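Here the structure comes first, spelled out in structure tokens, and everything after it is commentary.
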Amino acid sequence: MEAVLFFLAAIGATGGAIGVVALRNPFYSVLALVAHLFSLAVLFLLLTSAFVAAAQVVVYAGAVMVLYVFVVAYVGSDHEPMLDPIPGQRLFAGLLAFFLFVEVSAAVLSSALKALGTHGPDVPAGFGDPAAIGTLLLEKFLLPFEASSILLLIAAVGAIVLASRKRNGEAGGDQRNGRQVGAQTPSVGAPR
Amino acid sequence: MNISWYIVLSALLFTIGAIGILIRRSPMVILLCLELMLNAANLALVAFSREVGNAQGQVFALVVMVIAACEVVVGLGLIVAIFRRKLPLDVDDLRELRG
Amino acid sequence: MINALLWAPLAFGVVGLFLPKKAVGWWATAGALATLAIGVIMAFGFETGASGLQDTVNTTWISGLGVDYSLGIDGLNLFLVLLTAVLWVGGIAFAAFREQERPQLFFFLMLAAETATLGSFLSQDLLLFVLFFDLMLVPFYFLFGAWGVDRSAEGGPTAPQATLKMMVYTLIGSLLMLVGAIATAIISAHGGHLTFSIEAIQHQGVPLGSQRWIFWFFAAAFLVKMPAFLVHGWMPDAYRAAPLPVLMVFSGVLAKVGAYGFLRVVLPLFPAATSQFQTVILLVALASILYGSVMAFTQTNIRLIAGYSSVAQLGFITAGIFALRADGSDGAILQMVNHGLVVAPLFIIVAILVERTGTEDLRSMGGMAMRAPVLAALFLIVALATLAMPGSANFIGEFYILNGLFQAKIVFACIAISGVAMSAYYALRLYQGTMHNRKPDGIASREISLRDGVVLAPLVLCILALALYPQLILHRADPSVQQSVSAVTGGESETPDTNLAVNK
Amino acid sequence: MSATSWAWLVLLFPLLGSITIALGFRRTSWRFAGIVGTAAIALAFVCGIGALVCLLGEDPEARHHASSLWEYASVASLQIKLGIYVDPLSVFMVLVVSGVSTLIHLYSFGYMQSDQGYHRFFSYLNFFVFSMLLLVLAGNFVLLIVGWAFVGFASYALISYWYRRTTATRAGMKAFVINVIGDIGLVLAAFLIFQQLGTFEYTEVFAKAPQVFHTNEWTVTAICLLLLVGAFAKSAQLPFHTWLPDAMEGPTPVSSLIHAATMVTAGVYLIARTHVLFVLAPTAADIAAFVGLATLLVAASIALVMTDLKRAIAYSTMSQIGYMVVGVSIGAYSAGMFHLMTHAFFKALLFMAAGSIIAAMANEQNIDKMSGFGKAMKFTSVTMLCGALALAAFPLTSGFFSKDEILAYASARGGMYLIFTVLGYFGALLTAIYTFRLIFRVLRGDPCAEAQELIDTGHVAHAEAPFNPATGETEDTDVGFPGAEHHIAEQSPPMKLAMGVLAFLALFAGFIQVPGVDETVTHFLDPVFADSPLAAIHPSNTAAWIGLAIGAAISLAGIAIAYWLYVASPETPRRLQQRFAAVHTFLYNKWYFDEAIDFLVVRPALAIGRFANDVFERFVIDGAITGGTEETVGRAGAIVRSFQNGIVRTYGLFLIFGAVGLALYFLIQQS
Amino acid sequence: MAGEGFNAPHLDYAGLAPVIALTVGLVVILMSGVFGPTKKWAPGLAVLTLGAAAGLLLWHWNDDLSLVAGALRVDNLAISISLIAIFSAFTTVLLSIRERAADEAGHGEYYALLIGSVLGMVLLAEADNLVTFFVALETLSIPLYILCATNLRREGSLESGLKYLIVGSLGSATLLYGMAFIYGGTGSTDFAGIAHGIEVKGMLHDPLILIGIALAAVGLAFKTSIAPFHQWTPDVYQGAPTPITSFMAVATKAAAFAVFIRFFVVALGPETGDWQMGLAILAAISIVVGNVGALGQDSLKRLLGYSGVAQAGYMLGGLVVASEKGISSLVFYLATYLFMNLAAFAVVVARERETPFGDDIRGVRGLGAERPALAWPLTISMLALAGLPATAGFIGKLYLIEALVEGNYLWLAIFIVGGTMISLAYYLRVVAAMWMRPETEVATPGLATAGAGPSGPGGSTPVIAGASPEADPVDPDAGRRWYLVGPAVLAAAITVFFGVIPQPLVDFATHAGASLF
């Protein structure tokens with residue numbers, strides 16, 4: 001039963017991930033990611049971490065993805081051409097990723113750590129439920145918790161700084177000709 | 001199921017994410033691939049937390065989610081700014097700085 | 001006292017930065033003279049016949065790194081210090097008589113350079129030595145680059161390019177030396193208290209295995225500085241770029257620091273390696289002598305004739321040191337001073353000639369002597385000293401060097417001495433080419449001006465005085481030299497620790 | 001006052017004179033310079049006499065003193081004192097040098113009058129005398145080398161005295177460089193001596209040498225050969241002789257003083273001085289003797305065909321020095337020294353006369369253009385004749401006694417050394433021939449244009465534009481000798497006085513050393529050479545007189561031949577030339593020595609220089625070492641920047657690559 | 001675990017004071033926007049905040065506190081690094097006065113983000129467990145991503161922002177993944193716990209840990225811009241607003257090195273033997289890459305970026321030997337590096353504003369004659385970076401080399417020396433441009449058209465890196481402004497001072513180094 005669930009979820013997660021990478025329309029990529037996240041949530045459940053799973057669904061699938069969708073809708077989603085301008089980029093990307101995967105798996109499989117081979121130790125009931133997590137957050141990880149809140153604040157400020165319209169109206173005009181000049185100078189800073 | 005399976009799976013997802021960053025040119029998709037990698041890491045964390053039998057890893061995973069959200073926000077903000085600036089939304093075309 | 005000697009120039013230089021354009025030249029000259037005065041006083045205070053260091057200063061500088069601020073004078077550096085002081089007076093005075101652009105900066109750099117040079121002669125702490133050794137270069141970098149001659153017209157490098165080349169070349173050596181110095185201290189400390197004091201290290205001794213490579217790190221620095229054959233690539237460009245008043249002190253003194261370093265550092269600290277690589281260094285020295293001489297008599301640019309002759313001369317000095325006999329090294333010390341004393345006036349004269357003729361090409365000069373007999377006479381004396389005319393102190397220097405070499409390695413001596421014959425040729429060629437033969441048209445042949453005479457004459461007097469009584473230097477240098485050399489020859493018996501270290 | 005203090009005074013006066021003249025060149029008149037210069041040397045001569053008297057006052061064995069002023073350059077391992085050594089030999093040389101010099105200064109006083117560089121000339125000349133005296137008085141090898149090099153320099157300075165003449169400067173350079181080679185020989189010899197004996201002091205060296213070396217040991221032989229290099233370079237013996245003819249570029253007084261009377265004989269003095277070593281190395285001594293013999297003949301043969309008056313005399317000088325070298329090498333020390341003295345007299349005289357004539361010829365030196373000066377310049381021709389007679393060893397002249405004494409000694413020594421006698425006499429024949437060749441061609445015959453002018457107007461002819469006799473190019477007159485108004489030929493009393501005295505000496509100086517009658521020189525010098533076994537050999541009076549007879553015959557024969565060739569049938573020489581054209585050209589080109597040296601030494605050196613300059617410096621130093629490094633670094637930089645292509649995905653690729661690499665390294669490192 | 005009563009950790013507010021101060025400052029600055037134009041007081045407030053934080057940190061000098069359930073550790077290492085970061089931020093505030101980017105972003109936000117980043121750095125320097133580590137790292141980075149892009153009108157600025165974000169996130173993802181493995185291998189997130197875990201669980205030399213170390217090292221190497229993870233550095237340095245660049249150049253490096261040290265020496269101490277050689281190789285690579293890359297760069301910021309890569313390589317040497325002396329030397333070098341870079345960047349800012357050349361090397365041509373007050377600092381900083389004597393740079397190199405030789409890493413020392421030789425070629429090129437006659441063209445527009453503005457002759461010059469007409473408006477006497485000249489001169493003076501009397505700084509560094517051993 002658990003094995004079946006695992007494989008289904010694993011396939012879902014992998015498929016979703018591949019979808020994100022492969023689909024050429026950003027919009028679909030977002031949807032693929034959502035699928036991926038859901039299957040991850042399932043895996044989290046299998047790993048008896050209910051709270052994380054929940055957070056996963058709520059925060060990501062709920063909040064972040066929506067944001068994505070908005071932005072994609074705002075900037076419009078144009079298909080990027082199929083073949084890669086940089087020669088060999090894909091080949092090397094594939095190779096390196098493959099090597100990385102092999103190394104990590106090799107490390108995992110050849111590790112002397114007994115527990116890896118097992119299902120993991122038996123944990124008390126309530127392992128990873130909101131109460132436990134909450135306790136940890138407020139006791140041991142109080143500081144990271146606070147820090148991440150500040151981080152959120154900063155991120156918000158940043159988003160405003162970057163995305164908000166300029167107060168002074170003359171923005172548009174010189175932006176455009178600025179861009180044109182930028183276009184005239186493609187090879188800026190090229191080694192000479 | 002053995003923990004190893006989860007770890008290997010997370011490795012797989014991680015590499016897929018990496019591939020995505022390396023071969024996609026739309027900044028938005030690249031952000032998504034970053035999410036993939038972070039989530040792979042999360043999966044690893046949670047799996048390990050199961051393996052060592054303490055929940056610290058799960059908390060770590062939660063924090064990572066928050067951070068991922070922040071990165072997304074900033075990233076999207078940048079994308080918007082770039083779009084406003086009428087620059088192409090293609091990382092390959094943003095190469096004024098080089099050499 | 002010794003502190004005053006070391007820092008006086010810099011102090012004057014700093015003050016000079018804030019003086020008006022007119023005054024600064026004289027102020028700088030005064031500074032150099034003051035330094036010279038201090039030096040002379042110390043020389044009188046010098047206790048002859050003693051081999052150890054005298055009026056030393058020794059205080060901790062960086063406790064964490066075992067670096068001390070320790071200075072001292074002995075037979076090895078006494079006269080090099082005096083030489084430095086004298087030549088700087090000459091160079092600065094000569095420059096002060098002329099219009100300089102941005103004079104405050106110029107003289108500040110000159111005086112800073114003097115302090116650095118004095119420092120490298122005086123310092124008795126290995127790291128301090130390295131520090132000053134590198135520091136010397138900085139002012140000259142600016143002086144060459146900013147006040148130098150642009151040769152791009154004649155297909156040469158621009159001043160900045162030339163000076164950069166010099167900087168990189170010379171620093172390659174001295175940075176390796178930095179590593180070598182640190183390694184020496186650490187290895188010799190044997191895990192104990194870390195110190196860079198040369199005496200202490202010599203006492204503790206360095207294992208033979210380490211001596212082998214550290215030796216080369218130091219040798220690299222010194223050989224490049226000299227410059228020796230194969231690593232002299234920076235010399236032609238730098239010499240052609242340099243402003244002449246600066247060049248006279250540069251080629252007069254800086255090259256000697258390298259040779260001095262061998263005596264001060266290498267022989268005492270790495271005796272085993274020294275005797276092991278004696279032949280190799282001698283070969284390099286020999287090559288420098290022959291190559292320098294040959295180049296010198298084919299050059300047509302009068303600066304380069306002097307430059308390559310210095311290569312040959314430094315070859316002699318190195319050979320003398322690596323004869324590993326007291327008399328050879330005595331000769332080397334004497335010759336260092338002599339060469340400084342002849343090459344500086346030589347460049348003054350070159351400067352004067354260039355002002356008269358507007359060219360540096362020997363082929364388009366000549367016939368000066370008729371209207372400028374005094375200049376000719378002074379030049380003649382300098383030229384004869386350059387070719388080590390017997391009766392000049394240079395002859396005694398070379399005589400000692402070659403004698404030492406002859407007693408140590410007879411073959412080397414026989415080959416090296418052929419350099420003497422060539423030097424006779426190129427020195428006279430230089431003299432005749434400028435002073436004799438027909439005077440080409442369009443060359444102003446004026447007598448030396450009184451102001452330049454005031455600069456030149458004292459130097460020539462020094463040459464003559466030394467010619468009459470070279471004993472002055474030899475007598476005082478000898479004890480220290482013996483000590484330094486005996487580290488290698490009698491070394492095993494003298495410093496048992498070294499011996500023990502070698503056996504390890 | 002002791003001999004040594006006299007000797008120091010001998011050194012002092014010329015030096016003072018030189019300095020005074022040099023410093024005063026702006027403020028003082030030419031007269032002052034001349035007077036001071038001459039006076040200084042005269043004083044030196046007087047002091048020399050003083051030293052002589054002191055020595056004669058002592059018993060012969062005690063007649064050697066060393067004295068030193070201060071430690072010149074001494075360290076623990078070796079001492080060099082500023083010291084002199086006074087013994088009959090050095091005093092003899094002092095007297096000859098200072099004496100002849102005084103006369104020549106006197107001569108120059110008149111001769112150089114109208115020259116621009118009068119002060120410079122006398123300053124140099126005094127300096128030369130000082131150096132020469134230093135050379136002969138030196139008490140150790142280092143000081144010897146110093147004097148040795150000083151005279152070399154003085155000769156250089158005076159050869160290229162008219163420095164606007166490229167020929168003069170080139171000749172000076174040649175002389176100097178060859179002399180430096182000689183110095184190097186001496187220096188190496190000194191090193192070797194120091195290595196073996198641990199000292200440079202004459203006294204100690206000569207004392208120790210016999211104990212340390214055994215005969216013909218390689219070291220002592222090497223020492224002697226090295227000394228010979230010095231001696232030959234200075235004394236213009238083969239193969240180092242080529243500078244001497246060129247040295248004639250200098251003013252005539254210089255030729256007569258330095259390149260005839262004094263400096264060139266330094267080599268002879270050196271051999272005599274170090275005879276102790278040569279006795280220990282007979283091989284070296286014989287080599288020296290044979291080289292001397294060779295020089296003697298070669299030079300004489302060249303002198304036969306030289307058309308340049310001064311150069312002809314120069315070659316005769318070489319050949320005469322050959323006699324001396326033979327003498328001192330085979331053991332006829334006092335004879336050799338005696339010949340040195342007489343030669344100084346008559347050769348100086350010949351040069352003075354030649355100078356006077358050349359002046360009258362407005363600097364023309366080619367004897368083909370000269371004739372008839374016998375009528376034009378009585379005094380000169382008479383004195384010149386005296387000199388020539390002495391040179392040709394005409395019976396009872398000074399040269400007659402000195403030369404024959406050497407040859408007599410050779411025969412007395414017998415064996416192999418008879419060769420020297422035989423060939424020596426042959427050389428004497430040649431000498432007589434070429435000497436009178438000059439006499440007949442210059443003095444006899446009907447006057448040439450210049451001579452005629454002199455007879456008619458009593459005025460010396462001079463070219464409208466002064467020119468360089470060697471190249472014919474016109475002089476730039478500000479160094480111009482002869483100056484615009486130049487009428488000195490035999491008209492200035494000082495010159496006449498000098499020539500007169502010398503003529504007297506040339507004729508009659510021989511009588512102080514007549515075999516069996518009064519052998520003054522021998523007796524005086526004996527204590528010096530007493531220690532040499534060779535000194536014991538002594539030709540019997542009869543042998544000596546037989547020798548003299550043969551000598552007289554040969555000299556007369558030679559003069560007769562010369563008369564027949566150049567007076568009786570002037571056609572013969574020309575016919576001989578055509579007959580033996582090859583020989584003539586060979587001789588005329590001085591046996592092609594210059595060319596050989598040029599080919600063997602000069603060209604290779606220059607070629608190496610050019611190679612170093614154009615190839616090595618450019619391609620190895622700048623190219624490989626400097627350029628190579630720059631190139632490599634630059635390339636690396638280009639590569640790095642090419643990876644920095646501004647595309648973020650590439651950066652990502654490198655990052656992952658790094659990660660993979662690092663992980664791989666870590667895993668491999670452990671397993 | 002669940003079911004137990006919740007017991008809050010003991011909070012040592014004294015220890016937390018600096019962090020709190022920064023947080024408060026951050027909020028206040030943001031709020032100040034509410035009460036009106038922040039342009040006036042925002043800088044002041046920022047300086048105030050930084051000052052307060054610095055003071056509170058100094059107050060803890062020589063303490064050794066573990067805070068908030070072992071999340072933070074306040075010791076001399078943390079304090080010294082934090083001080084370096086804060087000082088750098090302080091000067092950045094000065095340099096940012098009249099900075100275009102600040103206007104664009106709005107001063108309140110701009111300075112708030114700056115403070116936020118500083119907060120991240122302080123936390124990072126003090127971080128004592130993985131979670132804090134990661135959060136702090138992001139708190140450091142994310143504001144920088146934004147700040148880089150704040151000069152919204154310049155394409156380069158945005159581009160640098162995005163590049164930094166993408167590669168940065170890639171880096172932190174890798175780092176995170178590595179952390180996950182280390183956590184998995186040891187079962188603890190506390191540094192001490194990790195070390196302990198490695199020991200007891202017998203995970204020494206275990207592939208799992210090693211792969212974790214490798215990936216973590218990648219992430220940290222990225223932040224410290226060690227080759228081959230350096231490639232963002234030149235681009236971002238060049239594109240970002242110069243004051244921010246100066247901040248990144250020093251502060252980021254310092255903070256990242258702090259945690260690099262703490263993580264590798266404390267947590268991975270047992271594994272030292274495994275990672276030493278790997279890091280040494282990285283150091284060597286970046287020494288070579290950085291130095292050769294900087295050759296022939298015309299943009300000064302870019303040049304400094306590459307030199308930063310090389311310098312990071314030097315510093316890593318100090319960590320490689322993992323000895324007390326090594327760490328001290330690293331801290332010492334960081335401190336000197338702060339002043340050296342500062343002087344350079346201050347001058348670059350000034351020239352950017354007063355010449356039409358932006359940060360191009362032509363901008364400093366003839367500076368020696370024109371603006372000695374700027375030329376001297378830049379000269380000194382270049383000489384110091386090149387490691388010439390009488391500057392702190394020399395002592396720094398000496399210190400590093402000594403540590404390396406003691407740690408038997410002679411070959412790395414020789415790499416440093418070799419790198420220094422190459423580096424002369426570009427550092428001295430700048431000096432030459434300032435003091436010596438121009439290399440090729442005779443007339444230097446820098447002198448002619450200084451203050452003429454983009455519309456002047458300068459406008460017609462070919463557009464080169466950093467000098468597009470988008471460049472900031474020209475302020476003809478920027479070269480005289482106290483807030484630009486002041487920092488430059490001050491930093492240069494300090495550089496020389498510590499070059500002549502290094503003892504105080506040496507003590508400072510030794511204390512920092514000693515705190516870990």
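All of these numbers come straight from a predicted model, not from anything done at the bench. Here is how names work: the chains are called A, B, and so on, in the same order as the sequence lines, proteins then strands, and each is numbered from 1.
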[options]: which one forms the most heavy-atom pairs within less than 4.5 Å of chain A?
options	value
V74(B), L12(B), I67(B), D90(B)	L12(B)
F60(B), F48(B), F14(B), W5(B)	W5(B)
I19(B), V52(B), T15(B)	T15(B)
I79(B), V29(B), V59(B)	V59(B)
S26(B), A40(B), A18(B), S10(B)	S26(B)
I21(B), N39(B), L9(B)	N39(B)

When you compare the side chain of [Y] with that of [X], does any pair of heavy atoms fall below 4.5 Å?
X	Y	answer
Y68(A)	L31(B)	yes
V66(B)	F145(A)	no
F51(A)	L62(B)	yes
L162(A)	V80(B)	no
L43(A)	V46(B)	no
L40(A)	L13(B)	yes

Review point. More than 12 non-hydrogen atoms from neighbouring residues, nucleotides or ligands closer than 6.0 Å to CZ on F7(A), yes or no?
Key: yes
Exercise for review: Could you tell me which residues satisfy ring-ring contact (aromatic ring centres under 6.0 Å, His included) with F98(A), sequence neighbours excluded, listed by chain and number?
Suggested key: none
Check your understanding: What residues form a ring-ring contact (aromatic ring centres under 6.0 Å, His included) with Y6(B), not counting sequence neighbours?
Key -> F6(A)
Of the backbone (N, CA, C, O) and the side chain (C-beta and beyond), which part of [X] lies under 4.5 Å from a heavy atom of chain B, both, or neither?
X	value
L33(A)	side chain
F127(A)	side chain
Q56(A)	both
A22(A)	backbone
V52(A)	both
V20(A)	both

[atom1]/[X] to [atom2]/[Y] distance, rounded to the nearest 0.5 angstrom?
X	Y	atom1	atom2	result
L36(B)	L37(A)	CG	CG	8.0 Å
I150(A)	C70(B)	CD1	SG	11.5 Å
R24(B)	S29(A)	CZ	OG	5.0 Å
F44(A)	R50(B)	CZ	CZ	14.5 Å
L38(B)	Y60(A)	CG	OH	5.5 Å
I86(A)	R25(B)	CD1	CZ	8.0 Å

Checking heavy atoms, do the side chain of [X], its backbone, both or neither come under 4.5 Å from chain A?
X	result
A47(B)	both
N42(B)	both
I7(B)	side chain
L32(B)	both
E71(B)	neither

Exercise for review: Could you tell me which of A63(A), A32(A), S105(A), G128(A) has the largest number of non-hydrogen atom pairs under 4.5 Å with chain B?
Suggested key: G128(A)
Practice item. Please determine, among L96(A), L152(A), V104(A), the option with the most heavy-atom pairs under 4.5 Å with chain B. Key: L152(A)
At their closest point, which heavy atom of [X] faces which heavy atom of [Y], and how far apart are they?
X	Y	answer
A155(A)	V73(B)	O-CG1, 4.0 Å
I23(B)	A93(A)	CG2-CB, 3.8 Å
L76(B)	L67(A)	CD1-CG, 3.5 Å
T48(A)	Q58(B)	O-NE2, 3.8 Å

**Study point:** Pair L43(B)-L47(A), side-chain contact (heavy atoms from CB on, under 4.5 Å): steps then yes or no
**Key:** CA-CA 9 Å; L43(B) 180 56; L47(A) 290 165; 4.1 Å; yes
